[in-house]
Amino acid sequence: MLWIALHLPRLSFESWLALLPPDQREHPAALMDARDVLLSNASAQQLGVRSGLSRATALALAPHLRMGRPDAVRDLQALTSVAHVALAFTPSVCFATTPMLAAAGCVGHAGAEPGGALHTVMLQVQSSLRCFGGQQALMQRLRAAWLPLGCTVQLASAPTAQGAAVLARLAEGDAGELHCADLRSMACRLDGAPVQLLGLGREIVDVLEGMGLGTLGALRRLPGRGLARRFGEGLLDALARVYGERPDPSPAWITLPDVFEVRIELQARADTTGQVLHGAQLLIEPLLVWARAHQARVRRFTLFMHHEPRHRKDAGTPSVTELTIALAEPSCDADHLSVLLRERLAHLSLPAPTLELRLHCADVARGSPFSAELFASARGEREGLARLIERLQARLGPQQVQRLAPAADHRTVRHGVPGRSVAQAASAPRPVWLLHEPQPLPERQSRPWLDGQPLQLLCGPERVESGWWTVPRTVRDYFIAQTPEGALVWICRARLPLSVEESASGWLVCGWFA
């Protein structure tokens, strides 16, 4: 069995820092709890701001320090995106937990938050190695897949799930990766791991360190009965599961949702669509990670902008503004989706400041994306044209971009009108018997006569004309007329006297109704 663990040591800090505008991320910033500094960026560390400092000390060292707070919902969304990356490589993915909770049968979740404070995703990849060409090729593709998310990841592989999770938390000093092919090499690595990685609690860890038992190896060398009598059977059970001496309970596997929906709260209210765009772009990569895990491409997605309530002065001001982006060709290109989003937002006026963003997608095209082409092809040209059309529609509006397409022709088939019609107008009646060529009718005082009797005009005129591309042009006005006996005939007269075959603007009979 082979397990891969992905540990995100700076998840809370990086998920908060990503909400800041790009020009502010290089300024001194730190993630705080109620009193102390948890993590800081390089600019803050240069000023002496380190983990464990109090808020007052940090502000004394860096008066302009930007401070944030951890958010469990935000962290879970970021951790879920990493899990979606993993699901593209294996269906056996779960969140890690501490060995003590795993020994108690709580594998896969710790309390209400999946992953607990570990921020670690576990992959069981033994059955996927052959599909991806071996362990090295799989991990290389895995590294490339999580790179667009912009998160720091420590990777470890081991024969056991708990062993891989502990090694991933130790991998910071080993170029971010630790790999153990068998139980023996894993045990050698684990012996130097600190005891707090078992999730024992602060009081037990202090007692063990006071006894000189600061590592897992030191615990293993103690008599098991005495250790269990002093600290309980759970400690021995957790230790055995880490080293693979006891099996783990069945994990709570993660399932990929059929609908993508992520919601983020902006750090500051967005008064312009440019500020909204920055927040919306943070949701594009998680969307594409979810789509790739489904082996699909995005066809349509909707951005919901939730506005500040106090600006809704009347019922006409909406609380939420929806913006739907529909693609002519399904895509998994983050840059392309961002361009379409920017073009649409540029023409949008916000009714009120925006506080939260929500991205929803349920319309995808199943199947892998097209492979990159070495030489230009017809398919590549069509894709380029489709993207051009999408950008023009996003910039000018869907109704302003049109194309040529076949359409039904309302003209009749015969009696001298150039061309052939595809269909007849559904709203206008047509005679059952249509003459092959229209026949001239005599007229008296501009009134048509048939068989020596005058015709009574009942309906018309209906204008039928040839296309602009035909020469010469034919234009006629058609009427439904009635004979004294009650028969209905279809007659017309030329609108243009100089048309071919019609030297005068006289009347013509074209057909008979039943």
Side-chain angles (χ1 to χ4, degrees), residues 1-7 90 92-111 114-127 154-172 174 177-254:
M1 194 69 69
L2 180 63
W3 287 84
I4 293 179
L6 307 178
H7 177 59
T90 174
S92 303
V93 178
C94 63
F95 293 117
T97 186
T98 61
M100 284 294 290
L101 287 173
C106 300
V107 174
H109 47 83
L118 292 184
H119 293 164
T120 304
V121 176
M122 307 295 302
L123 298 77
Q124 202 280 89
V125 297
Q126 187 66 45
S127 59
Q154 295 174 193
L155 183 147
S157 62
T160 69
Q162 292 300 324
V166 172
L167 290 176
R169 300 176 70 187
L170 292 175
E172 182 177 4
D174 294 81
E177 295 188 14
L178 280 176
H179 303 288
C180 297
D182 50 42
L183 292 176
R184 184 176 180 179
S185 60
M186 183 185 71
C188 293
R189 286 283 191 175
L190 290 175
D191 283 346
V195 293
Q196 57 261 33
L197 297 186
L198 289 177
L200 302 174
R202 187 71 258 174
E203 294 182 359
I204 297 180
V205 170
D206 290 342
V207 172
L208 290 175
E209 290 179 346
M211 297 169 59
L213 304 173
T215 63
L216 300 184
L219 281 181
R220 292 188 75 201
R221 290 189 289 269
L222 291 179
R225 290 186 179 180
L227 198 62
R229 188 165 49 250
R230 180 72 181 272
F231 299 103
E233 290 288 344
L235 176 58
L236 288 180
D237 196 18
L239 200 61
R241 294 182 190 278
V242 170
Y243 282 87
E245 298 169 353
R246 294 182 187 178
D248 286 324
S250 179
W253 301 118
I254 300 172

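Below, each value reflects all heavy atoms present in this structure, side chains not excepted, and no hydrogens, waters or symmetry copies. Starting from 1, each residue takes its place in the sequence as its number.
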Which atom names give the shortest non-hydrogen contact between [X] and [Y], and what distance separates them?
X      : Y      : value
His7   : Ala168 : CB-CB, 3.8 Å
Cys94  : Trp253 : CB-CE3, 4.1 Å
Ala187 : Arg220 : CB-NH1, 4.1 Å
Ala164 : Ala5   : O-CB, 3.3 Å

Do [X] and [Y] have side chains that approach each other closer than 4.5 Å (heavy atoms only, starting at C-beta)?
X      : Y      : answer
Ile254 : Phe95  : yes
Gln126 : Trp3   : no
Leu6   : Thr120 : no
Met186 : Val242 : no
Met122 : Ile4   : no
Asp191 : Tyr243 : yes
Phe231 : Leu236 : no

Atom pair [atom1] ([X]) and [atom2] ([Y]), whose distance is rounded to the nearest 0.5 Å:
X      : Y      : atom1 : atom2 : result
Leu213 : Leu222 : CG    : CG    : 5.0 Å
Gln162 : Arg241 : CD    : CZ    : 8.5 Å
Leu216 : Leu239 : CG    : CG    : 6.0 Å

How would you list, by chain and number, every residue that makes a salt bridge (Lys or Arg N to Asp or Glu O under 4.0 Å) with Glu233, sequence neighbours excluded?
-> none

Identify, with sequence neighbours excluded, every residue that meets salt bridge (Lys or Arg N to Asp or Glu O under 4.0 Å) alongside Arg230.
-> none

With sequence neighbours left out, what residues match Ser185 under side chain to side chain contact (heavy atoms under 4.5 Å, CB included)?
-> Cys180, Asp182

Go through the structure and list residues passing side chain to side chain contact (heavy atoms under 4.5 Å, CB included) with Leu197, not counting sequence neighbours.
-> Val166, Arg169, Leu170, Ala193, Pro194

Can you check whether Ala156's main-chain N or O pairs, donor with acceptor, with Glu177's side chain at less than 3.5 Å?
-> no

Applied to residues 193-219, the salt bridge (charged side-chain N to carboxylate O under 4.0 Å, His left out) test, sequence neighbours excluded, yields Arg202-Asp206, Arg202-Glu209

Sequence neighbours left out, what passes side-chain hydrogen bond (donor to acceptor under 3.5 Å, both in side chains) with Thr160? Give chain and number order.
-> none

Test side-chain contact (heavy atoms from CB on, under 4.5 Å) applied to His179 and Leu155, step by step | CA-CA 8 Å; His179 303 288; Leu155 183 147; 3.0 Å; yes

Do other residues, nucleotides or ligands put more than 12 heavy atoms under 6.0 Å from the CE atom of Met1?
-> no

Check the pair Ser157, Leu2 against side-chain contact (heavy atoms from CB on, under 4.5 Å), reporting the backbone distance first and the verdict last.
-> CA-CA 7 Å; Ser157 62; Leu2 180 63; 4.1 Å; yes

